[in-house]
Amino acid sequence: MAILKILTQENPILRQKAKEVGKITKRQRILVKDMLETMYNANGVGLAAPQIGISDRLVVIDVGEGPLILFNPQITRSEGLNKDVEGCLSLPGRNEYIIRAEKVLVSYIDLAGKKVTINGNGLLARALQHEIDHLEGILFIDHLTKEN
Ligand code: NI
């Protein structure tokens, strides 16, 4: 396992649309372990592959309920609105109030290659939306002028 370098705001990879993941290979399983270790080491609750320089649709999240590994995640339903403070490992030291959906339903492929769905509320819903944004090249500060 390895702690990976987290790219910061100015890196153009963070602005790219990430690629769909096909078959989950050993390379991806190693990457997942490294991403989790990197996220925990940085005291984050989520990390998207583009943040460590890999433009794949893969995110890891742990809001204190154990690790979640999501390939090709997609929000299929969202409900309500919630405004809370948000930060990002790629924008160290920056925290802003951001409006997000309060609840989301997300479909994704798990580490075993199975298509599953998850219901997120509160912090989990926020983390899911924040990390899925990274796969579209969107940073949380992009929501500031539009919605605040
Ligand atoms: Ni982030």
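When a ligand or atom number is given, it counts from 1 through the structure's own listing order.
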List for me each residue that meets side chain to side chain contact (heavy atoms under 4.5 Å, CB included) alongside Ile30, sequence neighbours excluded, and say none if there are none.
Lys26, Asp34
Using a cut-off of 2.8 Å, how many protein N, O or S atoms sit around the Ni ion (ligand 1)?
3
If we check side-chain hydrogen bond (donor to acceptor under 3.5 Å, both in side chains) with Arg100, which of these qualifies: Asp133, Asn82, Asp84?
Asp133
Is there a donor-acceptor contact under 3.5 Å linking the side chains of Thr76 and Gln74?
no
So Glu136 and Arg15, salt bridge (Lys or Arg N to Asp or Glu O under 4.0 Å) or not? Walk me through it.
CA-CA 7 Å; Glu136 296 298 319; Arg15 291 306 190 174; over 6 Å; no
As a quick check of understanding, evaluate salt bridge (Lys or Arg N to Asp or Glu O under 4.0 Å) for Glu96 and Arg94, giving each step before the final call.
CA-CA 7 Å; Glu96 304 283 354; Arg94 182 120 190 235; 2.8 Å; yes
Would you say Gln28 and Phe71 make side-chain contact, with heavy atoms under 4.5 Å?
yes
